2 protein chains.
Amino acid sequence: MKRLSTIGIYRLALYNRCLSSLDRCDHEYVSSQELANVTGGIATQVRKDLTCYGKLGEPGKGYEIGKLKRMLINIFGKDKVRNVILVGVGNLGMALIAYKGFELQQFKIVAAFDNDMRKIGRHFDGVSINDIRDLKATIASLNAEIAIVSVSTSSAQEVINELVSAGIKSILNFAPARVSVPKEVELHNVDLSIELDKLYYLLKNSR
Amino acid sequence: MKRLSTIGIYRLALYNRCLSSLDRCDHEYVSSQELANVTGGIATQVRKDLTCYGKLGEPGKGYEIGKLKRMLINIFGKDKVRNVILVGVGNLGMALIAYKGFELQQFKIVAAFDNDMRKIGRHFDGVSINDIRDLKATIASLNAEIAIVSVSTSSAQEVINELVSAGIKSILNFAPARVSVPKEVELHNVDLSIELDKLYYLLKNSR
DNA sequence: TGGTGTGAACCGATTCACAGCA
DNA sequence: TGCTGTGAATCGGTTCACACCA
């Protein structure tokens with residue numbers, strides 16, 4: 001069972017989400033062609049993606065939706081609850097706490113951190129805002145493994161260092177900074193201005 | 001001059017940002033090796049990326065920073081101001097309007113739209129919030145080409161249809177929905193829950 | 001010597017073509 | 001007949017090796 005490529009994981013996640021929005025019973029079937037139509041790919045690729053976790057399609061019928069959902073939940077480890085914390089309760093941090101897309105996927109931000117005294121001790125959308133100095137202790141007590149970082153560029157590396165030493169294994173970083181982590185820690189960057197750069201490029205070099 | 005792959009554009013944008021943070025004069029030089037160190041790649045790749053727009057490195061010295069910057073600004077069409085509009089002034093929309101990373105890259109959101117009467121006519125962070133019913137007229141008068149969509153999943157397709165018919169060429173969509181656009185329109189999706197899905201996967205399948 | 005530019009080799013991912021099963 | 005699963009062919013991007021230049 002090999003580790004998938006980033007793009008492979010992405011497509012699997014996409015199938016997962018499309019299944020949820022398919023208004024069909026769990027015991028009904030969906031074909032690779034249909035899944036391809038919804039995700040903008042081709043049927044062969046969908047099949048290749050799905051078969052690397054064992055054969056679960058039925059020739060002539062397709063994939064049983066319930067079975068497929070269970071497989072995907074298992075692949076992503078969503079059967080187990082994982083606590084997510086967030087550092088940096090600015091505009092973006094608040095938006096992420098309140099983000100509706102997370103609820104649908106059973107993600108739960110269990111605590112937030114900031115260094116602004118006016119925010120510490122308060123709640124936002126049901127999530128308590130803690131003193132960043134309590135990061136390590138709180139992470140330990142919550143047994144959190146995933147952190148979302150939405151602090152300023154200048155403090156990103158420092159915050160991430162603390163997260164790593166507190167035992168965080170995976171980090172989703174929104175600060176537009178190149179930060180480094182030990183290789184056993186997973187770091188994903190979401191860089192909004194680079195996304196806009198891409199659009200600029202495509203506009204300038206449009207077909 | 002061929003169109004680059006998505007990942008190629010991404011790296012170019014990354015080089016661009018790293019140059020800004022390099023505290024060195026524009027007339028000094030940077031080597032491909034150095035650029036690779038900062039961006040986490042290898043020197044050969046940096047050179048391959050840069051040479052597809054003509055030779056501008058100098059053997060034995062490297063790339064003149066000012067020249068490289070100008071080339072990148074040109075590649076991304078940032079020499080020309082492009083007006084960006086935003087639809088959906090919820091938590092995420094507000095965070096995007098206030099996002100500091102955009103300023104650094106000369107991106108400017110010139111108008112926002114919403115359908116909430118309590119928001120329409122007000123300003124947020126210097127950006128006026130307009131009635132979504134005025135979308136077409138306002139886009140035309142501002143000559144906007146890029147739109148950021150941060151509306152709910154259920155209204156994403158409808159809003160995007162309107163944007164397309166109003167002449168928008170590039171869309172950055174934050175709604176976790178698969179939406180379709182005519183093929184001449186560029187659509188990029190930023191899907192936050194899929195980013196978390198990836199972290200879940202990596203955590204479950206860690207090395 | 002220290003760097004760039006680039007053809008060639010490599011590698012992984014995508015697509016094709018088709019065997020096989022209900 | 002309709003759809004899956006998969007080896008083979010293909011494609012494109014990455015890396016290597018080295019020619020070349022200041």
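Below, chains carry the letters A, B, ... as their sequence lines are ordered, and counting in each starts from 1. Remember, predicted model here, so these are calculated numbers, not experimental data.
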Exercise. Apply salt bridge (charged side-chain N to carboxylate O under 4.0 Å, His left out) to the pair A/K78 and B/D197, showing each step before the final yes or no.
Key: CA-CA 9 Å; A/K78 286 201 188 173; B/D197 275 328; 2.7 Å; yes
(Q) Run B/V159 and B/V179 through side chain to side chain contact (heavy atoms under 4.5 Å, CB included) and show every step you take. (A) CA-CA 10 Å; B/V159 162; B/V179 286; over 6 Å; no
Legend entry - Residues A/Q33, A/N37; criterion side-chain hydrogen bond (donor to acceptor under 3.5 Å, both in side chains); working and verdict: CA-CA 6 Å; A/Q33 182 59 60; A/N37 291 343; 3.0 Å; yes
Taking it one step at a time, do A/V30 and A/Y15 satisfy side chain to side chain contact (heavy atoms under 4.5 Å, CB included)?
CA-CA 11 Å; A/V30 63; A/Y15 303 149; over 6 Å; no
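Distance NZ (B/K55) to C1' (C/dT6): 9 Å, rounded to an integer number of Å. In this structure, A/M71 atom CE and D/dT4 atom C1' are separated by 14 Å, rounded to whole Å. Atom CG of A/L68 and atom C1' of D/dC3 are 15 Å apart (whole Å). Rounding to whole angstrom units, CG of residue A/D49 and P of C/dT15 are separated by 10 Å. When the P atom of D/dG13 is taken as reference, atom CD1 of A/I7 falls 13 Å away, rounded to whole Å. Regarding B/L4, its CG atom lies at a distance of 13 Å from the C1' atom of D/dG12, rounded to whole Å. Distance B/Y10 OH to D/dT14 P: 13 Å, rounded to the nearest Å.
Evaluation of the side-chain contact (heavy atoms from CB on, under 4.5 Å) rule for B/Y29 yields B/E58, B/K61, B/E64 as partners, not counting sequence neighbours.
Backbone-only contact: B/L56 has heavy atoms under 4.0 Å from sugar-phosphate atoms and none from a base.
B/N161 and B/Q157 share a donor-acceptor pair across their side chains, judged by distance under 3.5 Å alone.
For A/R24, the CZ atom counts as densely surrounded, since its 6.0 Å shell holds more than 12 non-hydrogen atoms of other residues, nucleotides or ligands.
Between the side chain of A/E28 and the backbone N or O of A/C25, at least one donor-acceptor pair lies under 3.5 Å.
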Every protein N/O within reach of nucleotides 19-22 of chain D N/O, cut-off under 3.5 Å:
none

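Within the 4.0 Å cut-off from OP1 or OP2 of C/dG2, not a single side-chain nitrogen or oxygen of B/Y63 is found.
Residues from residues 31-47 of chain B that place a heavy atom under 4.0 Å from any atom of DNA chain C, listed by number: B/S31, B/S32, B/T44, B/R47.
Taking only distance into account, the side chain of A/K48 never meets the base of C/dT14 through a donor-acceptor pair shorter than 3.5 Å.
With B/F113 as the fixed residue, the side-chain contact (heavy atoms from CB on, under 4.5 Å) test singles out one of B/V89, B/T138, B/L86: B/T138.
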